[in-house]
Amino acid sequence: MDFSLDHPHLPPSVPAIDFRAELNDEQFAAVTAPPGPLLVLAGAGSGKTRTLTYRVAYLLSQGARPGEILLLTFTNKAAKEMLHRVHDLTGVEPGRFWGGTFHSIGHRALRMHGEVIGLPRTFTILDAEESEGVLRDAVEASDKTFFKDKTHPRPGPLHSLLSMARNTQLPLTETITRFFPQHEAIIDRAPLFAQKYAAAKRAANVVDYDDLLEFWLELLKKSPETAAYFAHRFRHVLVDEYQDTNTLQSQIVDLIGSHHQVMAVGDDAQCIYSWRGANFENILTFPDRHPGTVIHRIETNYRSTPQILALANGVLEAQPKGRHFEKVLKAHRSNSEKPYFVQSMDSREQAQFIVQRLRGLVDEGCALADIGILYRAHFQALDIQLELSRLQIPYQITSGVRFFEQAHIRDLVALLRFVYNPSDTAAWNRIAVLLPKVGDKNAQKLHSAALDHARLMQKNLIDVLDTDDVRSKVPKDAKEEWPKFTASLVQVAETMRTLKPHNAVDIAIEGWYGDYLKGAYANYVSRLDDLKSLTGFASRYEDMQEMLAQIMLLNSETSDRSVDPDADALRLTTVHQAKGLEYAVVFLIGLADGMFPLRRTIESGDIEEERRLFYVAVTRARDELYLCFPKVNTKGGPTMLQTPSRFLTELDPDLYQQLKIKRSYGW
């Protein structure tokens, strides 16, 4: 059929589009598929957004009204971009569609029909900070002392814990065991806290972010009339990034799309967000829940060279049979070099090699901003950050802040600084205010009292912190924690006097601050990994003064040289944050077992998601891909030999080429 001709169903306001000329065969088949349950498996770099955009335009060309099309995305930005592209194609204004995130559409639905489930239309939405405040008050109303125990989750992490249970619809006990094992001690109390929190919100006629999904699903389940209204209104339901849906979201789609005219677009091989609640089973079982599903594969990749795609296909082939959809990425581009396997002695030599290669890439005309350095976890980028800072090569971290600028790293460094130099009031203030109800003024008063008493007793300030004279100045809420806090400082001081800097770092992590970290952050485990990597950094120094000086000098260098977001600067990012991005050249670092995949994922058996993450990483590269393996891991103790990542060893060696490091560096 020639879609460039005037179509009998084409509304006069929608210009004719030559879909056949605008799309490749795979995209065209998906875009023009008859209504019904459709699962579009869009491989990396295959034009997923283009397919969705043209599907909306095609539905309009077939007589569908904008109000009959529901477009669900994971970011408002994605929805706006798609609907603006639809506007460019068809002239139909974006405001005529229901398009946006699950949460924004849920909000609209609840404003219209929330009273059916007892939610007044006048409800207001809490932001994250307000939600945590309501939760804190609800918890303290039932247990005044709960937050005084620093190993208990603070309101923020506790809210994250409850949110995970709500979005995955798992029991709280299972949620804690699987995702927050550091908080197993509160398993018995968590359900009561959840009830009290829900009651407090109802009493105040407020909802939080998760309520927008939970109440929307409740509305659809408890009111068949409302569910039927939405199913009738939205004749066409399109879902972007379907592999990232959680249990709540997939149930909402199933209920609104009970007529099965649902197009789910995604890639099971890029499902990498289970730690946010995404459920891999949703995309795998879509055909079971929507009988008659037609699967369309969009496999032509416009991004990467055939050699990079051959390696990516090798990663896909290693997936266990029956637990994924078969697909093979096909190259649109011409042949180039195979990916490079680069073996270095350790992470420092790995960093030096990358800097050496950067020099050549820039000489060849490659912009720094088109080069990405990817890693599994933030702490793995420490040495490359040090090397880039030393040589004043501009870089941006797209997955957070620079290593030594992270709050928990700054906290621990401040603790070490204070123990080394008890007169350092700035360092003292940073760690003292972490105690309950200790503010800046209290911290200063405590330091002055300790300083006076130390002079009187002719002792080190740290040794008098837990004497009666100083303890009497401690705020009531911090008194219980004070002895553990001061004992930890004394222990670090003793270690500092008798052993090496890395021993002192270990003791600091194992002491009071390690317990504080457990309650302060929902991502405690990854932050603990960051702190432990400080041990390896400290092992390079014989003297604590030298180590602290290097950290402070590095921080001042980086803070003085803030990088313009539009400047030509190297990009550093975790693989999770790199999803959806692409670079001319990618250096994938730390490819050792225990680093990628991470040791904790090996131990917990979550290898398949790690393999999918590796697939996402290699498909970010357009022209060149460097797979970097450091042979030795130094964590402050004896050096440990590493083995290459299992994701490398399971590949056919013909898919990559060895690149020997020349040991002469410089920028």
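It should be emphasised that the depicted structure is a prediction, and the values quoted were computed from it without experimental measurement.
- Looking at every heavy atom in both residues, Val86 comes nearest to Leu60 through CG1-CD1, 4.1 Å.
- Here the closest non-hydrogen pair linking Phe102 and Val239 is CZ-CG1, 3.9 Å.
- Asp267 and Ala42 get closest at one heavy-atom pair: CB-O, 3.3 Å.
- Remark: Ala165 engages Leu172, Thr175 in a side chain to side chain contact (heavy atoms under 4.5 Å, CB included) (not counting sequence neighbours).
- Listed by first and then second residue, the salt bridge (charged side-chain N to carboxylate O under 4.0 Å, His left out) pairs involving residues 213-226 are Arg166-Glu214, Glu218-Lys222 (not counting sequence neighbours).
- Legend: residues meeting side chain to side chain contact (heavy atoms under 4.5 Å, CB included) with Pro181, ordered by chain and number and at least two apart, are Glu184.
- Among residues at least two apart or in separate chains, side-chain hydrogen bond (donor to acceptor under 3.5 Å, both in side chains) pairs with a member in residues 576-592 are Glu241-Lys579, Trp275-His576, Arg303-Glu582, Glu582-Arg622.
- Within a 6.0 Å sphere centred on NE2 of His332, other residues, nucleotides and ligands contribute 12 heavy atoms or fewer.
- Partners of Pro94 according to the side chain to side chain contact (heavy atoms under 4.5 Å, CB included) rule, which considers only residues two or more places apart in sequence or in another chain, are Leu83, His84, His87.
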| said: Apply salt bridge (Lys or Arg N to Asp or Glu O under 4.0 Å) to residues Asp268 and Lys327 and explain how you reach the verdict. | reply: CA-CA 10 Å; Asp268 58 304; Lys327 75 173 76 64; 2.9 Å; yes
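- The two residues Leu135 and Phe193 make their nearest non-hydrogen contact at CD1-O, 4.4 Å.
- Under the rule for a ring pair (Phe, Tyr, Trp, His ring centres under 6.0 Å), the partners of His113 that lie at least two apart in sequence or sit in another chain are Tyr229, Phe230.
- Under the side chain to side chain contact (heavy atoms under 4.5 Å, CB included) criterion, Ala592 pairs with Met595, Phe629, Gln642, not counting sequence neighbours.
- With sequence neighbours left out, His259 forms a ring pair (Phe, Tyr, Trp, His ring centres under 6.0 Å) with no residue at all.
- The closest side-chain heavy-atom distance from Phe123 to Leu110 is below 4.5 Å.
- Shown here for Thr73 and Asp240, the closest heavy-atom pair between the two residues is CG2-CB, 4.1 Å.
- Among all heavy-atom pairs drawn from Glu609 and Cys271, the shortest one is CG-O, 3.9 Å.
- Within a 6.0 Å radius of CZ in Arg65, no more than 12 heavy atoms belonging to other residues, nucleotides or ligands are found.
- Residue pairs meeting the salt bridge (charged side-chain N to carboxylate O under 4.0 Å, His left out) criterion with at least one partner in residues 253-263, sequence neighbours excluded, are Asp254-Arg289.
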| request: Using the salt bridge (Lys or Arg N to Asp or Glu O under 4.0 Å) rule, take Glu603 and Arg600 through it: C-alpha gap first, then chi angles, then the decisive distance, then the call. | output: CA-CA 5 Å; Glu603 291 167 355; Arg600 65 173 179 265; over 6 Å; no
| message | One pair to check against ring-ring contact (aromatic ring centres under 6.0 Å, His included): His159 and Tyr197. What are the steps and the verdict? | response | CA-CA 10 Å; His159 192 277; Tyr197 176 51; 5.6 Å; yes
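- The list of salt bridge (charged side-chain N to carboxylate O under 4.0 Å, His left out) pairs with a residue in residues 28-41, not counting sequence neighbours, is empty.
- Annotation: the span from Arg612 atom CZ to Ile272 atom CD1 amounts to 9.0 Å, rounded to 0.5 Å.
- Here Tyr54 and Phe28 keep their ring centres 6.0 angstrom or further from each other.
- Taking the side chain to side chain donor-acceptor pair (under 3.5 Å) definition, one finds that Thr226 meets it with Ser223, sequence neighbours left out.
- Residues passing the ring pair (Phe, Tyr, Trp, His ring centres under 6.0 Å) test with Phe280, sequence neighbours excluded: none.
- Contact annotation: the side chain of Leu238 never approaches that of Leu72 to less than 4.5 Å [non-hydrogen atoms, C-beta and beyond].
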| task | Give the C-alpha distance, both sets of side-chain angles, the deciding distance and a yes or no for salt bridge (Lys or Arg N to Asp or Glu O under 4.0 Å) between Arg178 and Glu174. | result | CA-CA 6 Å; Arg178 276 180 60 181; Glu174 188 178 341; 3.5 Å; yes
